[in-house]
Amino acid sequence: MENKKYSCAIFDLDGVLVDTAKYHYLAWKSLADELGFDFTIEQNEALKGVSRMKSLDLLLGFGGLSDRFSQEEKEKMADKKNRIYVEMIKKLKKEELFGGVTDLFVKLKEKNMKTALGSASKNAPLILERLDIAKYFDAVVDGTQVSKAKPDPEVFVRAAEILHIPCKECIVFEDSAAGLQAAKTAGMKAVGIGKKENLPMADLVIGSVDQYIPYL
Ligand code: BG6
Ligand code: MG
């Protein structure tokens with residue numbers, strides 16, 4: 001994958017720069033425990049990159065509880081999950097930033113590439129603050145600024161617009177199927193972070209973002 005025509009790297013946050021995916025899982029699992037059903041790590045794959053309310057719908061589906069609750073009840077459940085999650089995130093340590101992330105950002109700057117965050121999370125500002133990484137981004141777009149969740153491309157297109165960069169010059173780093181789909185729909189290069197079998201739609205799959213350094 002040659003890199004000459006790329007001028008911007010857009011990063012998902014959860015599961016790409018930091019393993020907050022495990023905290024999302026634990027928080028949803030505590031809700032599932034309370035509702036009396038099992039929620040497995042394999043089922044959690046489907047929730048990655050997906051908005052909070054859509055995640056709740058998927059979770060309730062796994063528990064055979066779809067259409068059992070009113071919108072108000074579901075909002076209360078999602079709030080409860082979020083409170084559990086935020087308590088975990090408040091304790092996030094700088095060392096939890098994945099290894100090599102800082103090296104990649106340094107390289108991207110050396111190559112004069114712009115960087116952006118494109119996250120579905122409404123908690124992204126807190127995570128950026130805990131990890132002290134807001135300084136690495138030329139633009140930040142998170143779940144508080146978009147109306148359509150991934151796989152809609154809005155979050156990535158918005159980031160490219162802020163930076164005045166054509167979508168075809170952007171590379172997206174994503175750990176979720178929904179996010180990779182969003183990148184492809186936007187006409188961007190989609191680099192999957194994780195296992196090939198979980199991310200068949202990616203243009204390239206690597207185990208962690210720093211493994212992209214040789215491609216720069
Ligand atoms: C994504 C996560 O980044 O953000 C999803 O991969 C999560 O698991 C979504 O549901 C929304 O996050 P939040 O923090 O706003 O509930
Ligand atoms: Mg993610």
Side-chain angles (χ1 to χ4, degrees), residues 9-32 39-62 74-92 96-98 101 116-131 133 137 140-156 158-159 171-184 186 188 190-195 198-199 201-202 205-209 212:
I10 306 179
F11 295 87
D12 173 46
L13 176 62
D14 297 313
V16 167
L17 302 179
V18 57
D19 190 11
T20 36
K22 72 176 177 231
Y23 299 125
H24 277 294
Y25 170 66
L26 291 172
W28 285 124
K29 186 162 168 34
S30 77
L31 189 66
F39 174 51
T40 67
I41 198 93
E42 288 77 26
Q43 288 170 327
N44 187 58
E45 276 303 306
L47 273 61
K48 287 187 178 173
V50 172
S51 72
R52 197 179 302 168
M53 290 311 286
K54 177 95 188 290
S55 295
L56 176 63
D57 283 339
L58 289 170
L59 182 82
L60 293 174
F62 289 134
K74 289 206 283 188
E75 266 156 30
K76 277 194 185 137
M77 284 182 209
D79 282 350
K80 188 167 190 180
K81 177 265 173 180
N82 192 52
R83 281 197 298 277
I84 297 168
Y85 176 69
V86 168
E87 281 313 307
M88 296 177 192
I89 291 308
K90 277 188 193 159
K91 296 183 207 128
L92 203 62
E96 290 182 70
L97 186 69
F98 284 143
V101 168
L117 187 84
S119 169
S121 175
K122 293 186 164 74
N123 293 303
L126 173 60
I127 298 170
L128 294 182
E129 186 201 311
R130 292 295 309 161
L131 298 174
I133 55 170
F137 296 103
V140 171
V141 184
D142 64 36
T144 64
Q145 297 157 57
V146 291
S147 54
K148 292 180 228 129
K150 297 170 188 175
D152 189 283
E154 183 183 8
V155 65
F156 298 140
R158 184 80 201 100
I171 311 173
V172 170
F173 295 87
E174 253 294 348
D175 68 322
S176 73
L180 289 167
Q181 183 58 56
K184 300 293 283 182
M188 299 176 177
V191 178
I193 306 299
K195 294 193 184 125
N198 293 332
L199 307 169
M201 69 298 284
V205 178
I206 49 180
S208 55
V209 288
Y212 196 76

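One-based numbering, in listed order, for ligands and for the atoms of each. Numbering starts at 1 and runs along the sequence shown.
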* Asked: Does Glu154 reach the main-chain N or O of Ser147 with its side chain, forming a donor-acceptor pair under 3.5 Å?
  -> yes
* Per-atom contacts, ligand 1 versus Val50 - under 4.0 Å to a heavy atom -> 5 (C), 7 (C), 9 (C), 10 (O)
* Which of these, Val16, Leu13, Leu47, has its nearest heavy atom closest to atom 8 (O) of ligand 1? -> Leu47
* To do: Check ligand 1 against Ser55 and write out every atom of the ligand that is under 4.0 Å from a heavy-atom position of the residue.
  => 10 (O)
* **pair Leu47-Phe62: side-chain heavy atoms closer than 4.5 Å** => yes
* Determine, using ring centers only, whether Phe173 and Phe11 are less than 6.0 Å apart. => yes
* To do: Scan side-chain atoms only and decide if Asp14 and Asn123 contain a donor-acceptor pair under the 3.5 Å cut-off.
  => no
* Structure fact -> For Ala120, the atoms of ligand 1 under 4.0 Å from one of its heavy atoms are 1 (C), 4 (O), 11 (C)
* What's the shortest distance from atom 15 (O) of ligand 1 to any protein heavy atom, and which residue and atom give it? -> Lys122 N, 2.7 Å
* To do: Quick one: closest heavy-atom pair of Leu92 and Arg130, and the distance?
  => O-NH2, 2.8 Å
* Structure fact -> Closest to atom 6 (O) of ligand 1 among protein heavy atoms sits Gly49 N, 2.8 Å
* Structure fact -> Near the Mg ion (ligand 2), meaning under 2.8 Å, the protein N/O/S atoms are Asp12 OD2, Asp14 O, Asp175 OD1
* Where on Ser121 is there a heavy atom closer than 4.0 Å to ligand 1, on the side chain, on the backbone, on both, or on neither? -> both
* **Smallest separation among heavy atoms of Ala178 and Val50, with atom names** => CB-CG2, 4.4 Å
* To do: Please examine the side chains of Val172 and Asp12, heavy atoms only from C-beta on, and report whether any two atoms are closer than 4.5 Å.
  => no
* Asked: What residue and heavy atom of the protein are closest to atom 16 (O) of ligand 1, and at what distance?
  -> Arg52 NE, 2.8 Å
* To do: Report yes if Asn123 has an N/O atom closer than 3.5 Å to an N/O atom of ligand 1; otherwise report no.
  => yes
* Asked: Is a side-chain donor-acceptor pair under 3.5 Å present for Lys81 with His24?
  -> yes
* To do: Search all heavy atoms of Lys74 against all heavy atoms of Leu56 and return the closest pair with its distance.
  => O-CD2, 3.2 Å
* Give a yes or no on whether the backbone of Gly179 and the side-chain of Ser176 come within a donor-acceptor separation of less than 3.5 Å. => yes
* Without swapping roles, check the side chain of Tyr25 against the backbone of Phe39 for a donor-acceptor pair under 3.5 Å. => yes
* To do: Would you mind listing which atoms of ligand 1 come within a distance below 4.0 Å of any non-hydrogen atom of Asp14?
  => 1 (C), 2 (C), 3 (O), 4 (O), 6 (O)
